[in-house]
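Below is one structure, written out as structure tokens, with a few remarks after it.
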Amino acid sequence: MTSSTSTHNTERHSAPHHSGKATVSLPSDTQILITRHFDAPRALLWRAWTTPELVKKWWAGQRGQVTSAEIDLRVGGSYRYVLVANEGFEVGFHGEFSEIVDGEKIVKTEIFEGAPDGVAVNTDTFADAGGGTQLSVLVDCPDQQTRDMIVASGMEDGMQESYDALETVAGGLAAS
Amino acid sequence: MARAATTTDAFNAVAEPRRRQILDVLVRGERPVGDLVVALGVAQPVVSKHLKVLRDVGLVQVRDDGRQRVYRVDARPLREIHEWLAGYSDLWNERLDLLDEVLAELAAAESGTPAVRPPDVGSQHPEEQS
């Protein structure tokens, strides 16, 4: 007799100190959607997202250092982030806030200063979810070319990602 | 990365939900069109129209198997999308992982206890002694 015991001995949990992995999808030709769950209260996430000294600590990722973060968080107010990439070049982004719902939602333009013609509109939303907070960043671009440029801006020199995640990609695209 | 004209572009092809559904079915193995009609629950002409787009951008290949045509995924254009999106996705993961750390610092600074606790529970901070 064949024993048909399925050995699901390990459920996949995220590493203890990361509450999740961001999902990046392309809901339409002109949009990018980033979603991520945080094991932190909404008020805290909001603060880390909107306070210059705190933005400086995370916005560059591993790509460099944020050298300047200015945020005038009010409708009509502007913001500007500058980072110096590890390779030494400087990259600036700026924009203006068009809608702010305290603790819940920010709508702002985003202009990459290297290609200032493409003005994206970012909608950042913060929602209570599972004892933490669900963040979503929807990047709305005026056209596909701008969308593609923004995505390409995240590309580093190499393609460090492995090739074996194709089914995941297909699934992610379908889920978007 | 070099990109094809938008009319023959894998990126556009997968922007359409039905076409993503078709790929989702085919990624599990090759199927005749009739199976796709059943799986998607839409009329064959609709499926055929989407299959044509997918074939045009190279995401789907077809072969004749007796009397029926069998479709399968060709993942190469998807790989291109994956690679293209990977850098951007990595950037956001790096950012948001760092944001996790910032949040942990904030929570720790706010109270020695989990952030949901009111701050004055057991607070004995003799910090302000001006």
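A note on names: the letters A, B, ... follow the listed sequences, proteins ahead of strands, and every chain is numbered from 1.
- More than 12 heavy atoms of other residues, nucleotides or ligands sit less than 6.0 Å from atom CD of Glu105(B).
- The structure places CG of Leu135(A) at 7.0 Å from CH2 of Trp92(B), a figure rounded to the nearest 0.5 Å.
- Proximity to chain B is limited to the side chain of Val137(A), based on heavy atoms less than 4.5 angstrom apart.
- Residues Leu40(B) and Val38(B) do not share a hydrophobic cluster, clusters being chains of Ile/Leu/Val/Met/Phe/Trp/Tyr side chains in contact below 4.5 Å.
- Hydrophobic cluster membership is shared by Val37(B) and Leu26(B), with clusters built from Ile, Leu, Val, Met, Phe, Trp and Tyr side chains linked at under 4.5 angstrom.
- Annotation: Gln134(A), atom CD; neighbour count of heavy atoms from other residues, nucleotides and ligands within 6.0 Å is above 12.
- With a 4.5 angstrom heavy-atom cutoff, Ala43(A) does not touch chain B via any of its atoms.
- The hydrophobic clustering, which links ILVMFWY residues whose side-chain heavy atoms are closer than 4.5 Å, places Val57(B) and Val47(B) together.
- Paired with Glu94(B) under the rule salt bridge (charged side-chain N to carboxylate O under 4.0 Å, His left out), one option of Arg36(A), Lys21(A), Arg63(A) passes, and it is Arg63(A).
- The two residues Leu99(B) and Ala48(A) make their nearest non-hydrogen contact at CD1-CB, 3.4 Å.
- Heavy atoms closer than 4.5 Å to chain B are found in both the backbone and the side chain of Leu45(A).
- Here the rule is side-chain contact (heavy atoms from CB on, under 4.5 Å) with Ser89(B), and of Thr23(A), Val24(A), Val151(A), Ile32(A) only Val24(A) fits it.
- Side-chain N or O atoms of Arg95(B) include none that pairs as donor or acceptor with a backbone N or O of Trp58(A) at under 3.5 Å.
- Residue pairs meeting the ring-ring contact (aromatic ring centres under 6.0 Å, His included) criterion with at least one member in residues 107-142 of chain A, sequence neighbours excluded, are Trp46(A)-Phe126(A), Trp49(A)-Phe126(A), Phe93(A)-Phe112(A).
- For residues 17-60 of chain B, the set of pairs meeting the ring-ring contact (aromatic ring centres under 6.0 Å, His included) definition, not counting sequence neighbours, is empty.
- Atom CG of Leu96(B) and atom NE2 of His37(A) lie 13.0 Å apart (nearest 0.5 Å).
- Distance CG/Leu103(B) to CZ/Phe38(A): 6.5 Å, rounded to 0.5 Å.
- Separating the CG atom in Leu106(B) from the CG atom in Leu54(A) is a distance of 5.5 Å, to the nearest 0.5 Å.
- When the side chains of ILVMFWY residues are joined at heavy-atom separations under 4.5 Å, either directly or via intervening members, Val62(B) and Leu59(B) end up in a single hydrophobic cluster.
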